[in-house]
Structures are given as structure tokens and as C-alpha cells.
Amino acid sequence: MSTITRNLFYGASNKNDLRKRKLIEKCLDEKVKDFKRHKIPKDYKQRITGPVVDWKLFYRQQSAFNYARDQSEELHVIAFESSSVGFGDGKRMYLVTSYDVFWNYYKQLSSEKKLHYEIIPEGAVCKLYFDLEFSIPDNPDNNGTEMVAIFIQYVCLWLEEEFSVKCSRKDVLDLEASTDKKFSRHLIFLIPDVAFQDNVTIGCFIHHIIEELNKYCESSDLPKVENGLSLDSCTSTKKDSVTNACLGNQINSPKNCESAVEDASCCGDDGVLDTVRKKSQISDRVLGHFTKEQLLSLIVRNKHGEKTSFCDMGVYTKNRNFRLYLSRKYGKNNPLLVAAENEFVPLSSMNDEAIFMDSLIANVKFSSRMKILKSNDTHRRSQRSFSNKGASSTACLEGYKASPYPEVDAFLLEHVRKLEPNGGIRHWTYFSQGELIVYEMANYRFCHNVERSHKSNNVMFVVDLKKKIYYQKCHDPVCKSQGFKSSDFPLPESVFPSFLWEDDPMFDGEDEDLCSAAEDIEKTLPL
DNA sequence: CAGCGCTACCACACCCC
DNA sequence: GGTGTGGTAGCG
């Protein structure tokens, strides 16, 4: 054992010891900094009724959703850019937790580690929200602050006309993440007891009101057609929406398909002309509240100099990631903060937690008073692509979901695979009115009109559940122009649900209703 | 080991004029 | 030239 010298005990008395102490202090400083950098947030205080699990981390969004669904508590999936846990470089990862637990963790992160996004789940009831942005250098004459004020008023007027919902700027949480180069706002509408069915529905509504704005701006703009926003493109989009609307909305809302088809089939009818006139009256009423200059100011130019909307239309897709209050993008320094012009005040008080909770798009409490806004025919727009989970050529087969009549799906699959082993169902459209299912086939082109397979056009089958038959039609332009439709083929009795239930006392009408009611409730409840 | 969901755009095949 | 289909770069 070494003895403690006087110098060592009382501290530095020479240059050597001084250096040593400096070194130790420096090490300590480093340790402190390091600790601060990697500090572990304090545990959330567990209550007896409180959450069982703090959080769980996933590399894949789907795994996170699966886990959240299997738990009994109300959990949410939050995405973040993963440098915040010390690895990866902006790669997205997924956190499953409750809002309360998340806020407790999130509020303790330093500003540069708040890189988080809410995932607005597919099909979930949500608040009306907007991403408003434009490049400042490309639009030096635009006044963003004034544009936001006009835009909010424009949206409020449309809400009143279309849904009889009254609101004002006081109901709009206004968040800002602008820089010198880019004007950027997030608007979140917190209208008491009002929410939208889902964010895709919002997309349809917004698409509609922006299109009306574009049409107006174009007609009152220079007489010549400008690139990007021609009237032609507007009308062709409308046509698309009639023919394709039912495909885009097929899974969740077969009723939409009915009305879309009715719309198309009774064109030229007086009733349709009436509704067209009514629609343009609504549009005129809204537009009439503004001066031409105010409306024109909402159109900006993108980096290619093309005219485009101030409102980003790309944020209404399924499972959209939407940046959280106080978060920034990876590698950027512009967190979302409350804008100076914000007039919304949370019910409790103006504190960060209340703002955070109110800013969550899908944080909508279920209540019987809640009015759920759904899309109507005018809002629907074309949606040609169908989400396929897998990649490559087999995607269409893997991405295909069962129709409400899986037995019919199986029958058709078996049928086509006798001729084409790779044949499959690309998608289906269910028309509950008339009990019709239209199946678009994949890798199956045999047409009864030409008695051979077409070279590049797949065929479709129309299943008539009432008549218990099916027939074939096809995409080939020649067959189409002839209005070709094959003769009827019988559907085997075994594909009908009644075949299974007839002698089964376990199934009766009540059980069926209960099951579908339970499913409906499950769908409407916030996740 | 490790993101997701589009959408605009292009290339190509086939059929029509 | 029009239509349907498939593949991909790139955006939000």
C-alpha cells in the first residue's frame, strides 16, 4: 500500500499536479457532456390504471402496427429519424406507445433530437389538416402570412357550404417551420365535435376545393392556357373521377361505387344538370367572398417556374407521416412552433403538452356528438394506383385482398389457373346495390370474343350474385367498342354463404348483424 | 438485415385509322 | 395516335 503524500492530500502544489487536475476536470466535463447527450429520460410514473408497457421499437412500420393492434391498451405508432438513439443516419424507425408516455419521453429530448412524426393511420378518423408551403426565392412577391389568412377563410367557407360546419381562425392551430428559403406552415383544424372519416377523404375534399380555385384563377388569368394548370387537365381529371372513383374507394366504401356509377349512367339527365348548377353556385358563393387578387395570391410557382398550389396535396395518403409539434427534419434546424399569427387556444391552457395533444391529427376522441364528415360525389377523384405490399411483378397477386365473398374469389382463381397457372385477381369492385362484383384479372387474358388470349389486355369477370352467374368482359378496345359480354356461366352453389349456413343453427341473422356491428364499431373507434 | 406510399414519367405492345 | 400495361426515379 502506498502512503498518501501531503501534496496529494491537500491538492496541487506544483505544476505537475495542476496539469493532472486539469486533465481530470476535462475528463469529467466530457463525461457530463456525454451523459447529457445520451441521457435516459426519466421513467414515466406508473399508475395502477396506467400503461403496462412504456414503449417498443420497430424497424418496420407493419411490425409496429401489428404489435399495437395486439395490445389491449390504446397505443399509437410514431415514426422518427433514428439518429436520436445513436445509430443510423436519418433512417426511419417506429415507436409504439401511448400519447401520454410518448409526451413524457419526447418533452425531455433536446430540441435537435426531436425528429418525430405522427403516423396518420389508414382509415382512421382524423382532424382536417394542411401543409402549406412555397419557396421564398421563387416567389419573392408572395406574402405568406396574408396567404394563410385568406386560405383559412377559404377553407372555412367551403366547410360551411359543403358540411354546414361553422368555424373560424380561432379553431385553427397554426404551426410554423419557415426558413429564409421556404415558407412552411401546418394548419390543424380543431372544430368541436367535428372530424373527417379519414385522411384520404380529406384529400378528396381538398382536391375539389383547390380545383375550383385553379379553375377560377385560370379563367380570370391571362386568356391563354398556361402549362401545368390548364382547364383541359381539370376536365380530364373529372372524367377520370367518374370512371375510376369506385376503384379507388372500393375496399371501405362500396356505397361510393354505387353512386359513382349512377352518376356516370345518368349523364345528360336533368337531375344531373341541376346538381351541376348547384355545385357551381356553391363555388361562386365561396369565391365571391374574395377579390381576384386575393384568390390569385394563393397560386405560387414551383422550382421549375410552373404554377402550383400553396397547399401541398401530397399529404393525404395512407399512413402519412406528419411532423410533430416541436420536431424538425433530420439535418434541418426549423422545428414546428406555434406561429405568431396563431389564434387557437387549447381548452385547458396554452402549454406545450396541451398544444402537442391538440396537434395530433388522429387524436380524436370518440363521442356520440361527434359529426364525422364523409366525402360526397363531388369530392371523389381518380385514384389509379392500388397499394401493393410486395415489390416486382408478383406484387399484384400478393397485394390483393379478399373480397367480401372469398369463396367467389377462390372459385375464380381456380377457374383461371386451369388455363394460366400464374393467373390472379388484380382487384375487385363490389357493388352492394345489385350484388355485383367486378374482378379485374392479372396474367389472364383469355377472351371469349376472339376465342384466344389478348396480347396486352387483361380481361375481367362480372359476378352477379343475385342471378348466380358470371360473365366475362375485357379491356381490349375492339371488344370494348363492340360492347362485348360473354354468355352467362353458372356460379356453383358452393360459393354462396347460404350454402354453408343453411343447416347450421350456429348462424342466424342476429349473429351476423352482431358481427358486422362489432366490425363497424372497431373501424370507427380511434386506434 | 431493416422505411413507406405514392405519382409522374417513360417505354412498349397492340390495335385503329 | 390512342389505350392499356409495366417499370422506375424521385418526391413528401
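The shown structure was predicted, so the numbers you read here are calculated from the model rather than taken from an experiment. Each chain gets a letter, A, B and so on, in the order the sequences are listed, and its residues count up from 1.
Ring to ring, A:Y94 and A:F65 are not that close: their centroids are 6.0 angstrom or more apart.
In this structure, CG of A:N199 is placed 17 Å from P of B:dC4, rounded to the nearest angstrom. For the pair A:E81 CD and B:dA2 P, the computed distance is 17 Å after rounding to whole Å. Between A:F80 atom CZ and B:dA2 atom C1' the separation is 12 Å, expressed in whole Å. In this entry the distance linking CD of A:E122 with P of B:dG3 reads 20 Å, nearest Å. Here the P atom of nucleotide C:dC11 and the OH atom of A:Y117 are 15 Å apart, to the nearest Å. If you take CG of A:L132 and C1' of C:dG12, they are 15 Å apart, rounded to a whole angstrom. Rounded to whole Å, atom P of B:dA2 lies 20 Å from atom NZ of A:K56. Here the C1' atom of nucleotide B:dT7 and the NZ atom of A:K318 are 15 Å apart, to the nearest Å.
Distance CG/A:L128 to CZ/A:F196: 5.0 Å, rounded to 0.5 Å. A:L75 contributes atom CG, which lies 13.5 Å from atom CZ of A:F102 (distance to the nearest 0.5 angstrom).
When each of A:G314 and A:N321 is assigned the nucleotide of DNA chain B bearing its nearest heavy atom, the one mapping closer to the 5' terminus is A:N321.
Using modelled atom types, one finds a donor on one side chain and an acceptor on the other under 3.5 Å when comparing A:S111 with A:R328. With 3.5 Å as the limit, one finds a donor-acceptor pair spanning the side chains of A:W158 and A:Y154.
Of the candidate nucleotides B:dC6, C:dG12, B:dG3, C:dG12 has the atom nearest to the side chain of A:V315. Listed candidates were B:dG3, C:dG12, B:dC4. Nearest to the side chain of A:Q61 is B:dC4. Distance from the side chain of A:K91 is smallest for B:dG3 among the nucleotides B:dG3, B:dG5, C:dG12. The side chain of A:R445 has C:dT5 as its nearest neighbour among C:dT5, B:dC6, B:dC4.
Applying the 4.0 Å criterion to OP1 and OP2 of B:dG5, one finds that A:N319 has a side-chain N or O inside that range. A close approach under 4.0 Å does not occur between any side-chain nitrogen or oxygen of A:R323 and OP1 or OP2 of C:dG12.
Nucleotides B:dG3 and C:dG10 are separated by 15 Å at their C1' atoms, to the nearest Å.
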